[in-house]
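So the structure is just underneath, and the comments pick up after that.
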Amino acid sequence: MEKKKIRFGIFGLSRGNNLIGSIQNSGAEVAALCDYRPAAVAACKKEWFKDRDIPTFSDFEEFIKADFDVVLLANYFCEHAKYAIKSMRAGKHVLSETLPNITMAEGVALCRVKEETGMVYSLLENYPYFKSNLERKKLFEEGVLGNLIYAEGEYPHPMSKNEMNNLAPGERHWRNWTPRTYYSTHALAPLIYMTGAMPTKVSAMASYQPEIAEGTALRTGDAAAVIMCQTDTNAIFRVIGWACYACHGSRYRLCGTRGCAETNPTTHELRIQYNPWTRPEGVEKNVVEYKAEWPDNELGKLADNSGHDGGDFWAIYFFVKAMEAGEEPFFNVYRATTIASVAILAWRSILNDNKCYDVPDFRKEEDRKKYENDNISPYPDENYCVNIPCSSQPYAPSEEDIENARRFWQNADYLHE
């Protein structure tokens, strides 16, 4: 008897459209689409569903009633929690494409609703699954690096003013109001995945350089934020999320009591370094460099045809296989909300003289009680009101900046979320 495929409904067809191939290549299928923009729905159907009639929706409340198993949330960055909660209460599992919650109270609610409903919740974070990160995870688990002392995750993503305006079409668009610590999953999640260590304390500092926002509707003058975490294994993480300095890319480093694993920025090969007295038996050199390969050649071919250097495929593949096996995915609701707590509390650290905060463990009811009514958010309501700033120092775009952005939006043709 043929195994029943896991069926996805996709909410948000800009990013969601890019993940359909990985869903299908993972042995699952797409059963419903939802987006409020008719052009986005039409483009998705034309690309992927020429040969079959797939149900489409412009209203989430109707979409969630359709016949499928998992909601893939690919909607606005700052709006995932409320839709995840609605989805789980409607009997759907959830795969969330960005930060799961942007307030601490939402993190508490996500954990409680997941437990109440028994639904599976997972963060769809793709950067842990780069070739080099999968190899670093293997090396760490084999013990050749020793116990973790220090790790770095860095995600610089500089943008020209036109690129920024294209990706943030509108003065209230979430990208224009996102503090630099909030977009940190690409930097932090790989460190957690590779080492299994979890943050327990967090503090942060920002670099205020407002020239990076000229000509845009950005509401922050910060170019970068550096997050420092103590972990439950007594190691230290240094994390830099969405930062505006050269050059675009991602960088990761694991430093243990026996060795260090990082990527050579010139050759892009994995570099393993040892001290002479910690070099493993059989290894002749203190520095070893080699090209990382996929753990499975056939699956690697599918990954090579997906986005984000193969990470899109593996993130969905491992989720689908966990679902099929009846297991919790790695980035379950507790790890996901911990990652969000680091982002949120790191920003509060910056706004409060770099204060150190304890990272809550939302498996514990006493930690949930502390934050269940904490609705502080940097994202504006319909009147542009916020209860916490998104810039480390007072900043607002000038009239000239806004006019430049508006001229760009009037002439742009985009389908961005």
Side-chain angles (χ1 to χ4, degrees), residues 12-18 35-43 58 74-80 97-99 102-103 155-184 186 204-226 240-249 343-344 347 350-351 376-417:
L13 297 179
S14 290
R15 178 70 176 120
N17 182 77
N18 298 331
D35 198 296
Y36 68 92
R37 302 162 301 165
V41 175
S58 59
N75 54 309
Y76 272 16
F77 176 92
C78 57
E79 297 179 351
H80 278 222
E97 204 270 331
T98 65
L99 199 70
I102 50 91
T103 72
Y155 176 63
H157 193 322
M159 297 183 189
S160 68
K161 62 183 177 182
N162 282 348
E163 184 181 6
M164 184 64 211
N165 288 331
N166 184 54
L167 289 172
E171 291 180 55
R172 286 184 63 238
H173 192 277
W174 63 266
R175 282 189 177 91
N176 287 324
W177 297 81
T178 298
R180 290 293 172 190
T181 66
Y182 276 52
Y183 207 111
S184 56
H186 292 338
M205 293 184 179
S207 176
Y208 180 74
Q209 306 292 338
E211 67 184 78
I212 57 93
E214 290 176 0
T216 76
L218 266 173
R219 310 293 296 198
T220 178
D222 299 320
V226 179
I240 301 177
W242 174 29
C244 287
Y245 55 79
C247 60
H248 179 278
I344 295 166
W347 186 241
I350 287 170
L351 297 179
I376 296 171
S377 169
Y379 295 97
D381 62 18
E382 62 276 7
N383 297 314
Y384 290 86
C385 292
V386 297
N387 49 28
I388 192 172
C390 63
S391 183
S392 65
Q393 298 184 35
Y395 178 82
S398 68
E399 291 184 11
E400 183 180 351
D401 293 331
I402 295 294
E403 279 305 309
N404 182 73
R406 287 173 178 167
R407 283 193 299 270
F408 182 90
W409 298 331
Q410 287 172 357
N411 298 318
D413 179 21
Y414 47 72
L415 286 174
H416 294 301
E417 284 285 5

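- Put simply, the side chain of T220 never gets that close to the backbone of P179: no donor and acceptor are under 3.5 Å apart.
- Screening residues 205-221 for salt bridge (Lys or Arg N to Asp or Glu O under 4.0 Å) gives no qualifying pairs among residues at least two apart or on separate chains.
- Judged by distance alone, the side chain of R15 and the main-chain N or O of E97 form no donor-acceptor pair under 3.5 Å.
- With rounding to the nearest 0.5 Å, the separation of CH2 in W242 from CE in M159 is 5.0 Å.
- Every residue two or more places apart in sequence or in another chain that forms a salt bridge (charged side-chain N to carboxylate O under 4.0 Å, His left out) with E171 is listed here: R406.
- Among residues two or more places apart in sequence or in another chain, the side-chain hydrogen bond (donor to acceptor under 3.5 Å, both in side chains) test is passed with N404 by none.
- When every heavy atom of A243 is checked against every heavy atom of A224, the shortest pair comes out as CB-CB, 3.8 Å.
- With D35 contributing its side chain and R37 its backbone, the two residues share a donor-acceptor pair below 3.5 Å.
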Exercise. Should I240 and Y245 be marked as a side chain to side chain contact (heavy atoms under 4.5 Å, CB included) after you check the CA-CA gap, both sets of side-chain angles, and the distance that decides it?
Worked result: CA-CA 11 Å; I240 301 177; Y245 55 79; 3.6 Å; yes
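- Residues V386 and P378 share a closest heavy-atom pair of CG1-O, 3.3 Å.
- The line from CD1 of I102 to OH of Y76 is 14.5 Å long, rounded to the nearest 0.5 Å.
- A distance of 12.5 Å separates OH in Y208 from CZ in R180, rounded to the nearest 0.5 Å.
- Remark: Y379 engages no residue in a ring pair (Phe, Tyr, Trp, His ring centres under 6.0 Å) (not counting sequence neighbours).
- In terms of modelled atom types and a separation under 3.5 Å, the side chain of H186 and the main chain of G241 share no donor-acceptor contact.
- The two residues W409 and P169 make their nearest non-hydrogen contact at NE1-CA, 3.4 Å.
- Atoms CG and CD1, on L351 and I388 in that order, are 5.0 Å from each other to the nearest 0.5 Å.
- Scanning all heavy atoms of the two residues, the minimum distance from D381 to R172 falls at O-NE, 3.0 Å.
- Under a 3.5 Å cut-off, the side chain of N17 and the backbone N or O of L13 do not form any donor-acceptor pair.
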Exercise. Going through the checks in order, is the ring-ring contact (aromatic ring centres under 6.0 Å, His included) test met by Y183 and F77?
Worked result: CA-CA 9 Å; Y183 207 111; F77 176 92; 5.5 Å; yes
Exercise. Where do I344 and Y182 land on the side chain to side chain contact (heavy atoms under 4.5 Å, CB included) test, with the steps shown first?
Worked result: CA-CA 6 Å; I344 295 166; Y182 276 52; 3.9 Å; yes
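- Residues T216 and D401 share a closest heavy-atom pair of O-CB, 3.3 Å.
- Tested against I212 for a side-chain contact (heavy atoms from CB on, under 4.5 Å), the candidates C244, P158, S207 yield a single pass: C244.
- The structure places CH2 of W174 at 10.0 Å from CG of L99, a figure rounded to the nearest 0.5 Å.
- Within the model, atoms CG of L218 and NZ of K161 stand 13.0 Å from one another, a figure rounded to the nearest 0.5 Å.
- Closest non-hydrogen pair, R175 versus A168, comes out as CB-CB, 3.8 Å.
- Residues T103 and S377 have side chains in contact (heavy-atom distance under 4.5 Å, counting atoms from C-beta outward).
- Residues passing the side-chain hydrogen bond (donor to acceptor under 3.5 Å, both in side chains) test with S58, sequence neighbours excluded: none.
- The side-chain hydrogen bond (donor to acceptor under 3.5 Å, both in side chains) analysis of residues 387-396, with sequence neighbours excluded, yields the pairs D222-S392.
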Problem set entry | Full working for side chain to side chain contact (heavy atoms under 4.5 Å, CB included) between N176 and M164 | CA-CA 9 Å; N176 287 324; M164 184 64 211; 3.7 Å; yes
